[in-house]
Number of protein chains: 2
Amino acid sequence: MATKTLTPAAERVLDVAGKLFYERGITAVGVEGIAAAAGVTKKTLYDRFGSKAQLVAEYLRRRDRRYREHVEQTLARGRKADRPLLMFDALQSWIERENPRGCAFVNANAELAEPDHPGRAAIAEQKQWQLERLRQLVDEAGVRRPAAVAETLFILLEGATVASTLGVAEKAVRTARRTAAAVLAQAKR
Amino acid sequence: MATKTLTPAAERVLDVAGKLFYERGITAVGVEGIAAAAGVTKKTLYDRFGSKAQLVAEYLRRRDRRYREHVEQTLARGRKADRPLLMFDALQSWIERENPRGCAFVNANAELAEPDHPGRAAIAEQKQWQLERLRQLVDEAGVRRPAAVAETLFILLEGATVASTLGVAEKAVRTARRTAAAVLAQAKR
DNA sequence: TCCAAGGTATACCGATCGGTTTACCTCGAT
DNA sequence: ATCGAGGTAAACCGATCGGTATACCTTGGA
């Protein structure tokens, strides 16, 4: 795997940025604070990343990579027919471990209003991947109208993330999973 | 109805704030710009609202009021058995008219990280109202396990908003509505 | 041996942030 | 006639924003 090679300083910057951007919001976090928390000079940060916008894009790409790895690890433990539902298990553990403030990409979408911000591409890529992966899984599970079913599962995953992290329905992921199971059963071919 | 009485200047401020906060993000918009766009002095803005944080809270409360009115108007056109699904029609028209950048409350949740920000209460109220209203509608429609069904519909609504406004599935609301119809049919008592 | 890559330290830039202050004006109700 | 509420205009506050510049240090290969 072609893991991006980063200097140790850049690695630290990206670690800190990932934490602060997610926890406090992108606009609310300054590059000065990131550099200081990473034990790095502002010059180093700008030498490695060029601008705050590019650092934001890098943060999102990295988080996307981590989420995909998490998903694939979870999927590897099940057989084809079970995998669509395993996406909900992956989401639940992800929320518990890394996502208490909601989906980082939905949150970033709220903040990055300018249509040409480099982070927007990362957001679109993440969501397209998730939908596409669901299509594959649903297709492999053997189901009628796989595209429509995949879209339904996508909606359930996103909705469960919102409901769960907004504190209005703690068990939203389990509820969504049950609904997904019913949808899949009904579409079984 | 006890509509908040605002001075004409405050009204203009709130109008402009509602537009700018939603379109560009809360943190990205300064009070100076709001005052200027509303044709008002900063002093007037602070005399009426006290602080940016309180203005944000007022913006969210007002948007919540507008959404509830929109929902109730839509619901009034149908009979009890159809009303749960009418929530999806209300969402679709709301997105088209006022919500192209996603749910303002989910977006605000992304930006207002501080747990004691006055806007957070408005966010929680909006989401609790939506879930509670769904419970009433589902209950009145005559369904088994109304609380669980309402939670499922809530998840579908939130997920459809995300999927639709993130541009990954334009027809997400229709898809969610179909799923909701199936869930309701299966739970019919 | 030397040189480029990667780094520190620090000062600096103009712009903007949220918020306050002072002085003055207008208008409607008592 | 007056007084208070609501407003304008504009200067000011310290802090922070994203980003740049200058000078110097360390280290690992060619």
Side-chain angles (χ1 to χ4, degrees), chain A residues 3-60 108 110-120, chain B residues 3-60 108 110-120:
Chain A
T3 304
K4 290 264 174 60
T5 298
L6 293 173
T7 64
E11 196 82 45
R12 264 145 50 211
V13 167
L14 214 41
D15 279 352
V16 167
K19 196 170 179 296
L20 295 185
F21 282 152
Y22 182 71
E23 288 178 359
R24 302 189 200 167
I26 292 169
T27 316
V29 170
V31 313
E32 184 103 52
I34 294 173
V40 149
T41 306
K42 262 213 284 186
K43 180 174 179 295
T44 297
L45 189 153
Y46 276 94
D47 282 349
R48 297 296 128 239
F49 297 97
S51 70
K52 183 184 180 179
Q54 285 173 257
L55 175 60
V56 168
E58 215 59 62
Y59 145 64
L60 291 170
E111 295 210 65
L112 311 184
E114 294 137 19
D116 54 343
H117 191 291
R120 298 199 65 83
Chain B
T3 305
K4 290 265 173 62
T5 297
L6 292 174
T7 65
E11 196 81 45
R12 264 146 51 214
V13 167
L14 213 41
D15 279 353
V16 167
K19 196 169 179 295
L20 295 186
F21 282 153
Y22 181 70
E23 288 178 359
R24 303 189 200 167
I26 292 170
T27 317
V29 170
V31 313
E32 184 104 52
I34 294 173
V40 149
T41 305
K42 263 212 286 185
K43 179 173 179 297
T44 297
L45 189 154
Y46 276 94
D47 281 350
R48 298 295 128 238
F49 297 98
S51 70
K52 183 184 181 179
Q54 285 174 257
L55 176 59
V56 168
E58 215 59 62
Y59 146 64
L60 291 170
E111 297 210 66
L112 310 184
E114 294 138 18
D116 55 343
H117 191 291
R120 298 199 65 84

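Each chain gets a letter, A, B and so on, in the order its sequence line appears, and its residues count up from 1.
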Visitor: Does the distance from a Lys or Arg side-chain N to an Asp or Glu carboxylate O, for B/K43 and B/D47, drop under 4.0 Å?
Guide: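 Looking at B/K43 and B/D47, the cut-off is met.
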Visitor: Any chance you could measure B/R12, atom CZ, to B/R48, atom CZ, to the nearest 0.5 Å?
Guide: 12.0 Å
Visitor: Whole angstrom is fine here: how far is it from OH in B/Y46 over to P in D/dC13?
Guide: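 Those two atoms, OH and P, are 17 Å apart.
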Visitor: Please tell me which of the listed nucleotides, D/dG7, C/dT8, D/dG19, lies nearest to the side chain of A/S51?
Guide: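 Side chain of A/S51 sits closest to D/dG19.
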Visitor: Could you tell me the separation between the NZ atom of A/K52 and the C1' atom of D/dT16, rounded to a whole number of Å?
Guide: 11 Å
Visitor: In whole angstroms, how far is the P atom of C/dC17 from the CG atom of B/L45?
Guide: 13 Å
Visitor: A/E32 has an atom CD; how far is it from atom P of C/dA15, in whole Å?
Guide: 19 Å
Visitor: At 4.0 Å (heavy atoms only), tell me whether B/G50 reaches a base, stays on the sugar-phosphate, or touches nothing.
Guide: nothing
Visitor: Where do B/I26 and B/E111 come nearest, in terms of heavy atoms and distance?
Guide: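 For B/I26 and B/E111, the tightest heavy-atom pair comes out as N-OE2, 2.6 Å.
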Visitor: At their closest point, which heavy atom of B/R120 faces which heavy atom of B/E114, and how far apart are they?
Guide: CD-O, 3.0 Å
Visitor: Calculate the interatomic distance between B/D47 atom CG and C/dG18 atom C1'; express it in whole Å.
Guide: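 It is 15 Å, rounded to the nearest whole Å.
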Visitor: Would you mind reading off the distance between A/R48 atom CZ and C/dT8 atom C1', rounded to a whole angstrom?
Guide: 13 Å
Visitor: Tell me the interatomic distance from A/Q54, atom CD, to D/dG18, atom P, rounded to whole angstroms.
Guide: 15 Å
Visitor: Take B/A9 and B/K42, find for each the nucleotide of DNA chain D with the closest heavy atom, and name the residue whose nucleotide sits nearer the 5' end.
Guide: B/A9
Visitor: Nearest to the side chain of B/T41 - C/dG7, C/dA9, D/dA10?
Guide: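 Taking heavy atoms from C-beta onward, the closest nucleotide is D/dA10.
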Visitor: Given atom CD1 of A/I26 and atom P of D/dC17, what is their separation to the nearest angstrom?
Guide: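 One finds 15 Å between P of D/dC17 and CD1 of A/I26, rounded.
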Visitor: Regarding A/G33, tell me which of base, sugar-phosphate or nothing describes its non-hydrogen contacts under 4.0 Å with the strands shown.
Guide: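 Touches nothing.
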Visitor: Nearest heavy atom decides the nucleotide; on that basis, is B/V29 or A/K43 closer to the 5' end of DNA chain C?
Guide: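 Taking each residue's closest nucleotide, the earlier one in sequence belongs to A/K43.
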Visitor: With sugar-phosphate meaning primed atoms plus P, OP1 and OP2, does B/T7 contact a base, only sugar-phosphate, or nothing at under 4.0 Å between heavy atoms?
Guide: sugar-phosphate
Visitor: Taking it one step at a time, do A/I34 and A/L55 satisfy side chain to side chain contact (heavy atoms under 4.5 Å, CB included)?
Guide: CA-CA 11 Å; A/I34 294 173; A/L55 175 60; 4.1 Å; yes
